[in-house]
Amino acid sequence: MVFVPTIFWTALVFAANTGPFFNVQDTPLAFLSNFGPNLSFFTVVFYLIYYAILDPIAASLATPILLYASYSATNFLASNPNANMIALAIHITSWIFQFLGHGLAEKRSPKLMDNLVQALVSAPYFVFFEILFFLGYRPTLYKEVSEEIKKDVAAFRATRATGPNYQTIE
């Protein structure tokens with residue numbers, strides 16, 4: 001749970017390199033100047049829209065966190081001449097630990113290997129939901145998700161024990 005937000009934040013640092021897409025000074029959108037508005041900001045906006053479609057309440061709770069992530073990534077890049085190198089080192093280290101965690105603790109590859117988009121877009125939300133579930137948010141949904149995860153893990157272990165079920169071509 002530690003490395004998904006770290007990977008996300010470092011990706012926002014990289015996205016902030018685009019610089020502002022347009023000038024918002026002296027406009028009603030001047031408040032966005034702290035966000036660029038750059039690719040980091042628009043990535044967060046995209047994520048928040050997607051998350052709002054999935055669960056508007058959870059997305060509302062995630063909004064200040066994700067906006068702060070974009071703001072801090074943009075400001076980190078602007079204030080640190082080595083920001084990209086630092087972010088790259090953290091990013092690579094986080095991915096290594098993410099794969100090690102899945103391999104050693106869960107004995108399986110991350111969802112990244114199954115579905116890249118799902119892993120990159122849903123993983124931060126899943127981590128946020130884990131925290132919300134821990135705090136008691138939507139216990140019925142938590143129970144349903146837990147049951148699906150148990151089924152997924154059981155299916156994975158069954159496939160691993162018997163090997164993949166490939167069809168033969170004749």
Side-chain angles (χ1 to χ4, degrees), residues 1-102 109-142 144-145 148-149:
M1 283 186 37
V2 172
F3 296 106
V4 169
T6 307
I7 290 166
F8 182 72
W9 184 80
T10 54
L12 292 178
V13 172
F14 303 142
N17 278 281
T18 61
F21 284 153
F22 47 87
N23 185 3
V24 293
Q25 297 299 331
D26 302 322
T27 72
L29 299 176
F31 67 94
L32 291 177
S33 62
N34 291 326
F35 295 96
N38 54 31
L39 184 58
S40 174
F41 173 74
F42 286 107
T43 299
V44 165
V45 168
F46 166 77
Y47 274 61
L48 288 171
I49 290 169
Y50 178 67
Y51 294 166
I53 292 167
L54 298 177
D55 188 311
I57 294 170
S60 297
L61 295 170
T63 297
I65 296 166
L66 292 180
L67 287 175
Y68 180 73
S70 173
Y71 171 80
S72 66
T74 298
N75 284 302
F76 178 69
L77 180 67
S79 65
N80 190 324
N82 298 316
N84 283 314
M85 291 306 295
I86 293 168
L88 182 62
I90 294 169
H91 195 77
I92 291 170
T93 302
S94 296
W95 272 115
I96 290 168
F97 279 106
Q98 185 70 13
F99 276 92
L100 285 174
H102 278 276
S109 62
K111 284 292 185 186
L112 172 71
M113 306 307 275
D114 298 335
N115 185 326
L116 180 64
V117 174
Q118 178 185 0
L120 297 178
V121 177
S122 300
Y125 207 42
F126 181 77
V127 169
F128 186 66
F129 260 96
E130 283 289 318
I131 295 166
L132 290 179
F133 289 150
F134 176 77
L135 297 172
Y137 181 74
R138 297 187 61 183
T140 305
L141 177 61
Y142 175 67
E144 291 172 9
V145 169
E148 288 300 317
I149 290 171

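In terms of heavy-atom proximity, Val127 sits nearest to Pro5 at CG1-CG, 4.1 Å. Smallest separation of non-hydrogen atoms from Phe76 and Ile86: CZ-CG2, 3.9 Å. Of all non-hydrogen atoms in Tyr47 and Pro124, the two that sit nearest each other are CE2-CG, 4.1 Å. Taking each heavy atom of Leu32 and Val24 in turn, the nearest pair found is C-CG2, 4.2 Å. Ile7 approaches Gln98 most closely through the heavy-atom pair CD1-CB, 4.3 Å. Of all non-hydrogen atoms in Ser40 and Ser70, the two that sit nearest each other are OG-OG, 3.3 Å.
Between Glu130 and Phe134, the closest side-chain pair of non-hydrogen atoms is not below 4.5 Å.
Expressed to the nearest 0.5 Å, how far CZ of Phe126 lies from CD1 of Ile131 amounts to 11.0 Å. The distance from atom CG of Leu12 to atom OG1 of Thr74, rounded to the nearest 0.5 Å, is 7.5 Å. Once rounded to the nearest 0.5 Å, the distance linking CZ of Phe22 with CG of Asn38 reads 10.0 Å. In this structure, CG on Asn34 lies 11.0 Å from CZ on Phe41, to the nearest 0.5 angstrom.
Using bins of under 30°, 30° to 60° and over 60° for the plane-to-plane angle, the ring pair Phe3/Phe97 lands in the parallel bin. Under the 30°/60° scheme for interplanar angles, the aromatic rings of Phe42 and Phe21 are found to lie parallel.
Residues Tyr125 and Phe129 place their aromatic rings such that the two centres sit under 6.0 Å apart.
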Evaluation steps, side-chain contact (heavy atoms from CB on, under 4.5 Å), between Leu88 and Asn84: CA-CA 6 Å; Leu88 182 62; Asn84 283 314; over 6 Å; no
message: Between Val4 and Phe128, is the side-chain contact (heavy atoms from CB on, under 4.5 Å) condition met? List the steps.
response: CA-CA 10 Å; Val4 169; Phe128 186 66; over 6 Å; no
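Annotation: Phe14, atom CZ; neighbour count of heavy atoms from other residues, nucleotides and ligands within 6.0 Å is above 12. Within a 6.0 Å radius of CZ in Phe133, other residues, nucleotides and ligands contribute more than 12 heavy atoms.
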Could you pull out all donor-acceptor pairs under 3.5 Å where a side-chain atom in residues 58-66 meets a protein atom, sequence neighbours excluded?
unit_1, atom_1, unit_2, atom_2, d
Ser60, OG, Pro56, O, 2.9
Thr63, OG1, Ala59, O, 2.7

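Looking at residues two or more places apart in sequence or on another chain, you find a side chain to side chain donor-acceptor pair (under 3.5 Å) between Asp55 and Tyr137, Arg138.
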